[in-house]
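Order of the sequence lines sets the chain letters (A, B, ...), proteins ahead of strands, with each chain counted from 1. As the structure is a prediction and not an experimental result, all values here were calculated from the model.
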There are 2 protein chains.
Amino acid sequence: MATSDPVYLRVVEDIRRQINDGTLPPGAPIPSRAQLTRKYQVGETAARHALRVLVTEGLIIGRVGSGHYVRERPILMPLHRWRFPEHPTPFAADLQTQGRRVTWEWQIDSTEATPEIARRLRLPLSAKLTRTRYLYRGEGRPLQLAVSYEPVEFAAHLDEERRGVVARMSAHGVRITEIRETVHTRVPRPAEADALQLPAGTHVLHVERTHWAGERPMETSDIVLPGDRFRVTYSMPVG
Amino acid sequence: MATSDPVYLRVVEDIRRQINDGTLPPGAPIPSRAQLTRKYQVGETAARHALRVLVTEGLIIGRVGSGHYVRERPILMPLHRWRFPEHPTPFAADLQTQGRRVTWEWQIDSTEATPEIARRLRLPLSAKLTRTRYLYRGEGRPLQLAVSYEPVEFAAHLDEERRGVVARMSAHGVRITEIRETVHTRVPRPAEADALQLPAGTHVLHVERTHWAGERPMETSDIVLPGDRFRVTYSMPVG
DNA sequence: GCCGCAAAGTTGGGGCTCCAAGGGTCGTCG
DNA sequence: CGACGACCCTTGGAGCCCCAACTTTGCGGC
């Protein structure tokens, strides 16, 4: 606002305002570097810097050779997490109820517990675990990543089964009583940005889910979602 | 990795690796621009760009006149959201149970429902609402922002009361039956970045909380938390 | 032994330029 | 009429430079 703050911010704020109030709708082209220098009477460096800031904020995207464009605001996908068993666990099921064609691939392998996973499953370090890696796609585009860990003894026939954790554990005589999820946000790791085709500047929602049988953690998973495309809803009954 | 990708990325990846594997512990100084150009045999632009990328990733902070330093990994504060009434609603209560000195300030005023708030409270546009703005601090430093909206008729004596929404509504004969929270992540608005003293590159967790009496929404609030300092935990009973 | 000041180093804003890679457009040629 | 190539524009990487504002350090004087 003040005339004293950096000129590149003047450009950033003006464009941001135009995007927010709809003057520049999604898909609209942003003036090029050369045009910005003329329009705002700033140097090339300032124009370039302003565009970079808007890119890292996730408001615009740059296409080399073409220009910068207001990013298509991806529809926020609500993921509803209700009390069980009214609604089943997997995020994929939530997505399908919204009429989206969701497909997924998975790989199963064996691994040893890392310090973090050992802590979450209350197992000794380097305990033998079965790891399942999921990649969910919605209409072909990558939607979310998930990695699930559980003790080997419960994971038999995992590759053939389509049942969720609750049902599968129940077949082993283990009754899941509670699911806990912890959500926070962070910068995507390079592999995640790659797998999820994340544009620069987006963060991910990281959901840590653990299935409990009483006081024993039975399965834990890390679910990674593009932060700008998902909202997760939790419902808690009162009284 | 490949020798073909930009040189600034070589610098970024090398420093990022050193931070992740502990070679550069929190607080450790990063080589200055001049040192980086010598060490990695790159130009000033590349060194500068590498540092900027690491800053926007939230891994390091720059102090003018001094240098860049590995950011102190702020302790992730868990906020547990259980079934009610075993645990009360406000985030502040969760924080206090962790033995942190939490203080808060609030301002109450009247406002009209914006389209978004009207939708959430299922009220006509420009319905009269009481708005309460909270700023929570932990050990003096700003922790979280919250804005609560409720119809004026329930908000009498709001400024004198210390009770939560559930108890206050109950005094008006309204029984809150459910709390729904939606969490997503986004770039902080300038006012939020300012109020929460957010370093560049951090995102916020935005929790939308609504208190329901049956099928009627009674109160809704927007809670904004620094994304890198908070994790929110939800517990869902099964069966 | 301590204070204060000056010099050196550092970030962050800003400017200018060159170049490779790629997108768009238009006109020419088969 | 359709395919292809030339030319212009745009992004993004990279280099170098100047300067204001600020921190740190070290030295000289009291």
For this session: Mind checking side chain to side chain donor-acceptor pair (under 3.5 Å) for A:Gln18 and listing every partner two or more places apart, or none if nothing turns up?
Result: A:Asp14
Pick out the pairs of N or O atoms, protein on one side and nucleotides 5-8 of chain C on the other, that lie under 3.5 Å.
none

Exercise. What heavy-atom pair brings A:Ala47 and A:Leu36 nearest, and what distance separates the two atoms?
Worked result: CB-CB, 3.9 Å
Distances under 3.5 Å between nitrogen or oxygen atoms of protein and nucleotides 12-16 of chain D:
| unit_1 | atom_1 | unit_2 | atom_2 | d |
| --- | --- | --- | --- | --- |
| D:dG12 | OP2 | A:His68 | NE2 | 3.1 |
| D:dG12 | N7 | A:Arg33 | NH1 | 2.3 |
| D:dG12 | O6 | A:Arg33 | NH2 | 3.0 |
| D:dG13 | OP2 | A:Arg52 | NH2 | 3.1 |
| D:dG13 | N7 | A:Arg48 | NH1 | 3.1 |
| D:dG13 | O6 | A:Arg48 | NH2 | 2.9 |
| D:dA14 | OP1 | B:Val7 | N | 2.4 |
| D:dA14 | OP2 | B:Val7 | N | 3.4 |
| D:dA14 | OP2 | B:Tyr8 | N | 3.2 |
| D:dG15 | OP1 | B:Gly43 | N | 3.0 |
| D:dG15 | OP2 | B:Gly43 | N | 2.7 |
| D:dG15 | N7 | B:Thr45 | OG1 | 2.2 |
| D:dC16 | N4 | B:Thr45 | OG1 | 3.4 |

Exercise. What orientation do B:Tyr234 and A:Tyr234 show, parallel under 30°, tilted 30 to 60°, or perpendicular over 60°?
Worked result: parallel
For this session: Kindly say whether B:Arg209 contributes a backbone atom to a donor-acceptor pair with the side chain of B:Thr220 at under 3.5 angstrom?
Result: yes
Problem set entry | Closest contact, heavy atoms only, A:Ile30 versus A:Val70 | CD1-CG2, 3.9 Å
For this session: Can you sort out the partners of B:Ser66 under side chain to side chain donor-acceptor pair (under 3.5 Å), two or more places apart, ordered by chain and number?
Result: B:Tyr69
Exercise. Side-chain N or O of B:Ser66 less than 4.0 angstrom from OP1 or OP2 on D:dT24?
Worked result: yes
For this session: Mind checking side chain to side chain donor-acceptor pair (under 3.5 Å) for B:Ser221 and listing every partner two or more places apart, or none if nothing turns up?
Result: none
For this session: Among residues two or more places apart or on two chains, list those pairs meeting salt bridge (charged side-chain N to carboxylate O under 4.0 Å, His left out) that have a residue in residues 18-44 of chain B.
Result: B:Arg17-B:Asp21, B:Arg33-B:Glu44, B:Glu44-B:Arg48
Exercise. Within this structure, what is the CD-to-C1' distance between A:Gln35 and D:dT11, rounded to whole angstrom?
Worked result: 13 Å
Exercise. Closer than 4.0 Å, any side-chain N/O of B:Ser32 to the OP1 or OP2 of C:dG9?
Worked result: no
